[in-house]
Number of protein chains: 2
Amino acid sequence: MMKHTVVVVDDHNLLSQAIGGLVDSFENFKVLYTCRNGKELIKRLDHPDDVPELVLMDVNMPILNGIETTEYLKKNFPRIKVLALSIEEDEAVILKMLRAGARGYLLKDVKKIELYNALLEVLEKGFYHTNTVTKILVDSLTEDKEKETQLKDREIEFIRLACTEKTYKEIADIMHLSPKTIEGYRNNIFEKLHLRNRTGLVIYAIKNKIFIP
Amino acid sequence: MMKHTVVVVDDHNLLSQAIGGLVDSFENFKVLYTCRNGKELIKRLDHPDDVPELVLMDVNMPILNGIETTEYLKKNFPRIKVLALSIEEDEAVILKMLRAGARGYLLKDVKKIELYNALLEVLEKGFYHTNTVTKILVDSLTEDKEKETQLKDREIEFIRLACTEKTYKEIADIMHLSPKTIEGYRNNIFEKLHLRNRTGLVIYAIKNKIFIP
DNA sequence: TAAAAAAAAGGGGAAAATCCTTTAACCATA
DNA sequence: TATGGTTAAAGGATTTTCCCCTTTTTTTTA
C-alpha cells in the first residue's frame with residue numbers, strides 16, 4: 001500500500017519532531033522530512049522525490065513565514081496541499097493563511113485523532129476546517145469584516161491620546177473636535193474591537209503597537 | 001598646561017563620539033578614550049596611564065551598566081569622579097546612580113556650556129547638580145520616598161487586575177475585598193506614583209513590567 | 001445635482017471612576 | 001493596657017465614562 005507523503009515545516013524543533021512522530025504513527029501516512037522554514041522547504045522541492053502530497057506548515061517562522069511560503073506553493077506547486085498549523089488564533093492571521101491557499105488551519109494543541117481526520121479530509125475533500133475557523137470564514141464573507149475593522153487615521157490619533165492620562169474632553173480639545181464626536185470615535189472603536197472600556201483600548205493599542213509606552 | 005583627563009563610557013557609538021568631541025573641544029579637557037560598557041572600562045583601568053580624573057558614564061549599558069560600574073569605581077578607584085549621563089529621567093534610577101557614587105547627573109540632551117560647567121564643577125567642588133536633580137535628592141531625604149513608594153504585594157496584585165477590562169467592583173470580588181477598599185488601594189497607588197487615573201496606571205504597569213500585555 | 005455615506009455634534013441618563021473624610025478592626029509593643 | 005501603625009471599609013459628593021438614540025453638517029458618489 002502506498003502511504004501518503006507529508007512534510008512538516010516548523011522552526012520549533014521539538015514541536016516538529018512531535019508532530020512528525022504523530023504523523024508517522026498513522027499507518028497510511030509517512031513523513032518525508034522536516035524543515036525549519038519556508039526557504040528550506042522550497043530548496044528541497046527542487047528534487048522531485050522530495051515533493052510531498054501534503055505540507056503541515058507553521059505560520060510563524062523566521063526567514064520565510066507560513067503565509068509567504070504557502071503563496072509560493074500555490075503558484076509553483078499547486079498540487080501540494082497545505083495544512084496550516086499554528087498557535088495563533090488571530091482572525092486576521094487565519095484569514096491571510098487561508099487566502100494564501102491553505103486547505104485548513106489547525107491549532108498546535110490539536111488532538112491526535114483530529115490531526116488524523118484533518119490529514120485525511122484535506123487529501124480526500126480538499127479542505128478541513130474546524131467550527132471556529134469556519135465561523136471566522138463565514139463572518140469575513142458576510143460582513144466585510146476586515147474593511148470595517150480597519151482603523152482610520154483619525155481613530156488611530158485618538159487611540160494614541162486615549163493612552164495617556166487625558167480625559168476625553170481634553171482629547172477633544174487637542175483634536176479640535178467636540179467631546180461628543182470623541183465619544184462617537186470611542187464607541188465605534190469599542191464596537192469594532194469588541195472592547196468594554198478605555199483600559200481595554202489601552203491594552204489593545206499597546207499589543208498592536210499603535211501606542212508604544 | 002595639564003589638561004584634565006576624561007573617559008566616555010557609552011554603548012551608543014554615535015553619542016559617545018559626539019560627547020567625546022565636545023569634551024575635546026574644551027581647551028582644558030582631553031578625552032583619553034571611550035568604552036562601550038563598564039567591563040571594558042574596568043579592564044582598561046589596569047593600566048595606570050588609562051586612569052582618568054573623570055568618567056562620563058552612561059546609565060543604560062549592556063554587560064555592566066552605569067550603576068554597577070560606578071559602584072565598582074567608588075570601591076576600587078575612589079579618586080575617579082563619575083558624572084552620570086542618561087536619557088532616563090526616572091527618579092529611582094537617578095537616585096540609584098547618585099547613591100552608587102556619581103557626582104552629578106546630566107541628561108543626554110545637555111547643552112555644550114552646561115556640560116562644560118558640570119565638568120569643571122565636579123572637579124572643583126566635587127559635585128554638580130541641576131535644579132531638577134537637586135529637588136529629587138531633597139525630596140528623597142525629606143520623606144523617605146523609596147520606602148513609601150514601594151508597592152506592596154497586594155497592590156501589585158490589584159494593579160495587574162486593573163490592567164484588564166474589569167471594573168473595580170469585579171476586581172474587589174476577585175480579591176475578596178470591598179469595592180471601597182479597592183478604591184483605597186487605587187488612591188494610595190495614584191498618590192505614590194503621581195497618577196491621575198486608571199489609564200496612567202496601566203501605562204505605568206506596562207512600562208515597569210508589572211503587567212506584560 | 002440629488003442621494004448616500006461619513007463625520008461631527010448633541011441630549012439625557014446610568015454606571016463607573018475619582019476624591020475626600022471618617023470609622024472599624026487588628027496587631028505589635030512599649 | 002494604652003498607643004500607634006497598618007489594613008480594611010464606608011459614606012457622600014463630583015466628575016468622567018459609557019451607552020442609547022437623534023440631528024446636523026460635510027464629503028463622496030452615483
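Lettering follows sequence order; numbering is per chain, from 1. Computed over heavy atoms, backbone and side chain alike; hydrogens, waters and symmetry mates excluded.
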**Study point:** Note: A/E183-A/R186 ion pair, threshold 4.0 Å (strictly below)
**Key:** yes
Review point. For the pair made of CD1 in A/I171 and C1' in D/dT16, what is the distance, rounded to whole Å?
Key: 12 Å
Review point. Is any side-chain N or O of B/T181 closer than 4.0 Å to OP1 or OP2 of D/dA9?
Key: yes
Review point. Salt bridge between A/E40 and A/K43, side-chain N to carboxylate O under 4.0 Å?
Key: no
Check your understanding: Can you name the salt bridge (Lys or Arg N to Asp or Glu O under 4.0 Å) partners of A/K125, sequence neighbours left out?
Key -> A/E121
Exercise for review: Keeping to residues at least two apart or across chains, list the salt bridge (charged side-chain N to carboxylate O under 4.0 Å, His left out) pairs with something in residues 56-72 of chain A.
Suggested key: A/D58-A/K108
Revision key, fill the gap. Between CD1 of A/I156 and C1' of C/dA7 the distance, given in whole Å, is 17 Å
Revision key, fill the gap. Per-nucleotide protein contact along nucleotides 17-24 of chain C, 5' to 3', at a 4.0 Å heavy-atom cut-off (B base, S sugar-phosphate only, - neither), is SBB-----
Practice item. May I ask you to decide whether B/E114 forms a salt bridge with B/K111, counting only side-chain N to carboxylate O separations under 4.0 Å? Key: no
Point to revise | Nearest-angstrom distance from the residue atom CG of A/L161 to P of D/dT17 | key: 13 Å
Exercise for review: Side-chain contact test, heavy atoms from C-beta onward, threshold under 4.5 Å: evaluate it for A/I189 versus A/F158 and give yes or no.
Suggested key: yes
Mind listing the N/O atom pairs, protein and nucleotides 5-7 of chain D, below 3.5 Å?
{"from": "D/dT7", "atom 1": "OP2", "to": "B/K152", "atom 2": "NZ", "distance (Å)": "3.0"}

Review point. How many Å lie between CE on A/M175 and P on C/dA7, as a whole number?
Key: 12 Å
Practice item. Sorted by first residue and then second, give each salt bridge (charged side-chain N to carboxylate O under 4.0 Å, His left out) pair with at least one member in residues 158-170 of chain B; sequence neighbours left out. Key: A/R196-B/E170
Review point. Aromatic rings B/F26 and B/F29: how do their planes relate, parallel, tilted or perpendicular, breaks at 30° and 60°?
Key: perpendicular
**Study point:** Axis deviation across the helix from C/dT1-D/dA30 to C/dA30-D/dT1, five-pair ends, to the nearest 10°
**Key:** 30°
Exercise for review: Rounded to the nearest angstrom, tell me the gap between atom CD in A/E191 and atom P in D/dC21.
Suggested key: 12 Å
**Study point:** Salt-bridge contact B/D50-B/R44 (side-chain N to carboxylate O under 4.0 Å)
**Key:** yes
Exercise for review: Please state how far atom CD in B/E170 lies from atom C1' in D/dC18, giving the value in whole angstrom units.
Suggested key: 14 Å
Review point. Tell me: CZ of A/F158 to P of C/dA7, nearest whole Å?
Key: 15 Å
Check your understanding: Do you know the tightest heavy-atom contact between A/A102 and A/T70?
Key -> N-CG2, 3.7 Å
Check your understanding: Below 4.0 angstrom, N of the basic side chain to O of the carboxylate: do A/E53 and A/R79 qualify?
Key -> no
Exercise for review: Using atom NE2 of A/H176 as one end and atom P of C/dA7 as the other, report the distance to the nearest whole Å.
Suggested key: 19 Å
